[in-house]
Chemist: 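Can you read through this structure? Questions will come right after.
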Amino acid sequence: MKKYILLLLSLYSTIIFSQKTESRKLTKQEIHEIELENTINFPIYSAFEYQDKGGVFELVLGENQKVISKKDTLNTKIQAVCVVNDHGGFLEKWRINDLLEEYDPKETNIWFWTKYCSTKDLDGDGYIDPVIVYGSKTEYGEIRRVKIITVYKNKKYVIRAVECDLDYCRSFKKDQNWNTLPQKIKTYIDLLVVKLRKEQNLILKDG
């Protein structure tokens, strides 16, 4: 009986260990030492390293910093790249690209909203489910677009929102495959949307 209990404890420990995940934000020095600059086309705004059952990954966020001034830095393009450490090099797993849209009033800035981004195991399966959030602003400093991209098993699930005071120009759309996500992930994103509404005074509704 004692041996049986010890075996169960050993199996339990193995399962817990196998599902352990870690994540941290990299410093500028670490970004330089790991040579992550070679993985992305734009200056690196922020980078994260995370480890799960699939390996050790680097998530790099880049903004092209088209206009740099004392007051602000404006971007016309952004890029996110996720790579896995592979025998001393990097193997790309997925990437996100976006840029300013033609619109009136004119969009002048697009940027990563890192305070709402995350690298966590949202459904407890031992794999990190990255969430990337970014937005765009008009020439009047008003938020126009918000995108929330969840990456689950290397596949992207996107929420696209357009802010507008008038019903006809406001939208909030989830990808058709959204409901195939695990419920724990959908609940996390739903709460994130509520947080964005509250903290950024956004509508984030359709029509």
Side-chain angles (χ1 to χ4, degrees), residues 19 21-23 40 45-48 50-55 57-63 75 77-84 92-103 107 109-138 142-207:
Q19 293 186 344
T21 60
E22 296 179 358
S23 174
I40 197 164
Y45 175 71
S46 189
F48 303 86
Y50 62 87
Q51 181 174 356
D52 60 19
K53 292 196 297 186
F57 299 82
E58 319 293 340
L59 174 58
V60 189
L61 309 180
E63 301 172 342
N75 313 299
K77 298 178 181 180
I78 59 172
Q79 185 176 79
V81 179
C82 180
V83 296
V84 61
E92 183 176 320
K93 301 299 290 183
W94 50 266
R95 71 169 53 207
I96 296 167
N97 292 287
D98 212 335
L99 69 167
L100 297 181
E101 288 185 351
E102 291 292 332
Y103 185 76
E107 282 191 349
N109 192 22
I110 184 169
W111 80 104
F112 285 108
W113 229 332
T114 51
K115 68 180 291 186
Y116 300 115
C117 297
S118 66
T119 47
K120 303 175 184 176
D121 176 10
L122 301 178
D123 61 342
D125 66 352
Y127 292 95
I128 297 288
D129 311 298
V131 177
I132 310 297
V133 182
Y134 60 90
S136 71
K137 282 188 178 181
T138 69
E142 298 172 337
I143 294 173
R144 179 177 176 255
R145 285 184 293 143
V146 175
K147 278 193 181 181
I148 302 172
I149 303 177
T150 305
V151 183
Y152 176 66
K153 295 184 177 179
N154 291 319
K155 188 173 182 179
K156 303 182 188 76
Y157 299 77
V158 187
I159 294 177
R160 299 172 175 86
V162 175
E163 287 290 290
C164 185
D165 292 334
L166 303 175
D167 291 349
Y168 79 90
C169 57
R170 183 171 61 245
S171 65
F172 184 86
K173 306 290 186 185
K174 295 179 179 178
D175 278 352
Q176 288 185 345
N177 62 356
W178 183 260
N179 284 330
T180 64
L181 280 169
Q183 185 58 50
K184 287 183 179 180
I185 295 180
K186 290 190 290 184
T187 299
Y188 177 89
I189 301 301
D190 287 342
L191 292 173
L192 177 60
V193 170
V194 171
K195 187 176 183 179
L196 277 161
R197 287 192 187 117
K198 181 179 179 180
E199 295 183 356
Q200 302 300 327
N201 194 28
L202 297 175
I203 300 173
L204 294 179
K205 289 184 178 180
D206 203 29

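Treat the numbers as computed from the prediction; the structure is a model and nothing was measured.
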Chemist: Both conditions, 6.0 Å and 45 degrees, for the charged tip of Lys155 above the ring of Trp94: are they met here?
Modeler: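 Pair Lys155/Trp94 does not count as cation-pi.
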
Chemist: So do the side chains of Arg145 and Asp98 get within less than 4.5 Å of each other, counting heavy atoms only?
Modeler: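 Counting from C-beta outward, Arg145 and Asp98 do come under 4.5 Å.
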
Chemist: Whether the side chain of Glu163 engages the backbone of Ile203 through a donor-acceptor N/O pair (distance < 3.5 Å, no angle test) should be reported.
Modeler: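 Here the side-chain-to-backbone pair exists.
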
Chemist: Does NZ or CZ of Arg144 fall inside the cone over Tyr103's six-membered ring, less than 6.0 Å from its centre and within 45° of the axis?
Modeler: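 Yes, Arg144 and Tyr103 form such a contact.
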
Chemist: With a 3.5 Å distance limit and no angle check, can you tell me whether Lys156 reaches the backbone of Arg95 through a side-chain donor-acceptor pair?
Modeler: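 Flag set: sc Lys156 to bb Arg95 pair under 3.5 Å.
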
Chemist: Look up atom CG in Leu100 and atom OG in Ser136, then write down how far apart they are to the nearest 0.5 Å.
Modeler: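 It is 7.0 Å, given to the nearest 0.5 Å.
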
Chemist: Restricting to non-hydrogen atoms, name the atom on Gly62 and the atom on Ile40 that form the minimum distance, rounded to 0.1 Å.
Modeler: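 Distance-wise, the nearest heavy atoms are N-CD1, 3.4 Å.
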
Chemist: Hey, does Leu191 have a side-chain heavy atom less than 4.5 Å from the side chain of Thr187?
Modeler: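 With C-beta onward as the side chain, the pair touches.
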
Chemist: Is the shortest heavy-atom distance from the side chain of Tyr50 to the side chain of Pro130 under 4.5 Å?
Modeler: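 Contact flag for Tyr50/Pro130 side chains = yes.
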
Chemist: Is there a side-chain contact between Val131 and Ile149 (heavy atoms, below 4.5 Å)?
Modeler: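 No. Closest side-chain heavy atoms not under 4.5 Å.
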
Chemist: Please give me the minimum heavy-atom distance between Cys82 and Phe57, naming the atom from each residue.
Modeler: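 The pair with the smallest heavy-atom distance is SG-CD2, 4.0 Å.
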
Chemist: Looking at CG of Leu181 and CD1 of Ile189, how far apart are the two atoms once the value is rounded to the nearest 0.5 Å?
Modeler: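 Answer rounded to 0.5 Å: 8.0 Å.
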
Chemist: Report yes or no: does Thr180 contribute a side-chain atom to a donor-acceptor pair with the main-chain N or O of Asn177 at less than 3.5 Å?
Modeler: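 Yes, the answer is positive, given that a donor and an acceptor are paired below the 3.5 Å cut-off.
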
Chemist: Below 4.5 Å, heavy atoms only, C-beta onward: do Glu92 and Val81 meet side chain to side chain?
Modeler: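 The answer is yes, as the side chains (C-beta and beyond) meet within the 4.5 Å cut-off.
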
Chemist: For Glu199, look at atom CD and say whether over 12 heavy atoms of other residues, nucleotides or ligands are found less than 6.0 Å away.
Modeler: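 Check passes, neighbour count above 12.
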
Chemist: What pair of heavy atoms forms the shortest contact from Ile78 to Glu63, and how long is it?
Modeler: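 Closest approach of Ile78 to Glu63, heavy atoms only: CG2-CG, 3.8 Å.
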
Chemist: Closer than 3.5 angstrom, by distance alone: can the side chain of Asn75 be matched with the main-chain N or O of Ile110 as a donor-acceptor pair?
Modeler: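 At least one qualifying donor-acceptor pair exists.
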
Chemist: Measuring from atom CG of Asp190 to atom CD1 of Ile185, what distance do you get when rounded to the nearest 0.5 angstrom?
Modeler: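 One finds 12.0 Å between CG of Asp190 and CD1 of Ile185.
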
Chemist: Evaluate the criterion side chain to side chain contact (heavy atoms under 4.5 Å, CB included) for residue pair Tyr188 and Lys120; output intermediate values, then yes/no.
Modeler: CA-CA 11 Å; Tyr188 177 89; Lys120 303 175 184 176; 3.8 Å; yes

Chemist: Which heavy atom in Gly126 sits nearest to a heavy atom in Thr21, and how many Å separate them?
Modeler: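 In terms of heavy atoms, the two residues are closest at O-CG2, 3.6 Å.
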
Chemist: Contact between Val193 and Leu202 at the side-chain level, heavy atoms closer than 4.5 Å - yes or no?
Modeler: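 Contact flag for Val193/Leu202 side chains = no.
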
Chemist: Between Cys169 and Val162, which heavy-atom pair has the shortest distance, and what is it?
Modeler: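 Nearest pair, atom of Cys169 first, then Val162: O-CG1, 3.6 Å.
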
Chemist: More than 12 heavy atoms of other residues, nucleotides or ligands under 6.0 Å from NZ of Lys147: is that the case?
Modeler: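 Yes, because the 6.0 Å sphere around NZ of Lys147 holds more than 12 heavy atoms from other groups.
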
Chemist: Is it true that a side-chain atom of Asp52 and a backbone atom of Ile128 form a donor plus acceptor pair closer than 3.5 Å?
Modeler: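 Checking the backbone N and O of Ile128 against the side chain of Asp52, a donor-acceptor pair under 3.5 Å is found.
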
Chemist: Report the C-alpha separation of Arg160 and Phe172 in whole Å, then their side-chain angles, then the decisive distance to 0.1 Å, and conclude whether the side chain to side chain contact (heavy atoms under 4.5 Å, CB included) test is met.
Modeler: CA-CA 6 Å; Arg160 299 172 175 86; Phe172 184 86; over 6 Å; no

Chemist: Please walk me through it: do Gln79 and Val60 pass side chain to side chain contact (heavy atoms under 4.5 Å, CB included)?
Modeler: CA-CA 8 Å; Gln79 185 176 79; Val60 189; over 6 Å; no

Chemist: Would you indicate whether Asn201, at its atom CG, is surrounded by more than 12 heavy atoms from other residues, nucleotides or ligands within a distance under 6.0 Å?
Modeler: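 Atom CG in Asn201 is not crowded, with 12 or fewer foreign heavy atoms closer than 6.0 Å.
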
Chemist: When you check the side-chain N and O atoms of Tyr127 and Asp121, is any donor under 3.5 Å from an acceptor?
Modeler: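 Side-chain D/A pair, Tyr127 to Asp121: absent.
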
Chemist: Can you name the nearest heavy-atom pair linking Ser171 to Asp206, along with the distance?
Modeler: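 Where Ser171 meets Asp206 most closely, the heavy atoms are CA-OD1, 3.2 Å.
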
Chemist: So, Phe112 versus Tyr45, ring centres under 6.0 angstrom or not?
Modeler: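 Centroid distance Phe112-Tyr45: not below 6.0 Å, so no.
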
Chemist: Any salt bridge between Glu142 and Lys137, counting N to O under 4.0 Å?
Modeler: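 Between Lys137 and Glu142 there is no salt bridge, as every charged N stays at least 4.0 Å from the carboxylate O atoms.
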
Chemist: Tell me, with the steps shown, if Val158 and Lys174 meet side chain to side chain contact (heavy atoms under 4.5 Å, CB included).
Modeler: CA-CA 6 Å; Val158 187; Lys174 295 179 179 178; over 6 Å; no

Chemist: Students often mix this up, so state it plainly: with edges at 30° and 60°, are the rings of Tyr157 and Trp178 parallel, tilted or perpendicular?
Modeler: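 Because their plane-to-plane angle is over 60°, the rings of Tyr157 and Trp178 count as perpendicular.
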
Chemist: Whether the side chain of Arg170 engages the backbone of Cys164 through a donor-acceptor N/O pair (distance < 3.5 Å, no angle test) should be reported.
Modeler: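 Yes; judged by distance alone, with no hydrogens or angles, the pair exists.
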
Chemist: Is any side-chain heavy atom of Leu196 closer than 4.5 Å to a side-chain heavy atom of Ile148?
Modeler: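 Result yes, sub-4.5 Å side-chain heavy-atom pair found.
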
Chemist: How long is the gap from NZ on Lys195 to CG on Leu204, to the nearest 0.5 Å?
Modeler: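 If we round to the nearest 0.5 Å, Lys195:NZ and Leu204:CG are 14.0 Å apart.
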
Chemist: Under a 4.5 Å cut-off applied to non-hydrogen side-chain atoms, are Tyr134 and Cys117 in contact?
Modeler: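 When only atoms from C-beta onward are counted, Cys117 and Tyr134 do not touch, as no gap falls below 4.5 Å.
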
Chemist: Is there a donor-acceptor pair closer than 3.5 Å between any side-chain N or O of Lys53 and the backbone N or O of Asp125?
Modeler: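 Yes; at least one donor-acceptor contact below 3.5 Å.
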
Chemist: Tell me yes or no: between the side chains of Glu107 and Thr138, is some donor less than 3.5 Å from an acceptor?
Modeler: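 No, no side-chain donor-acceptor contact under 3.5 Å.
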
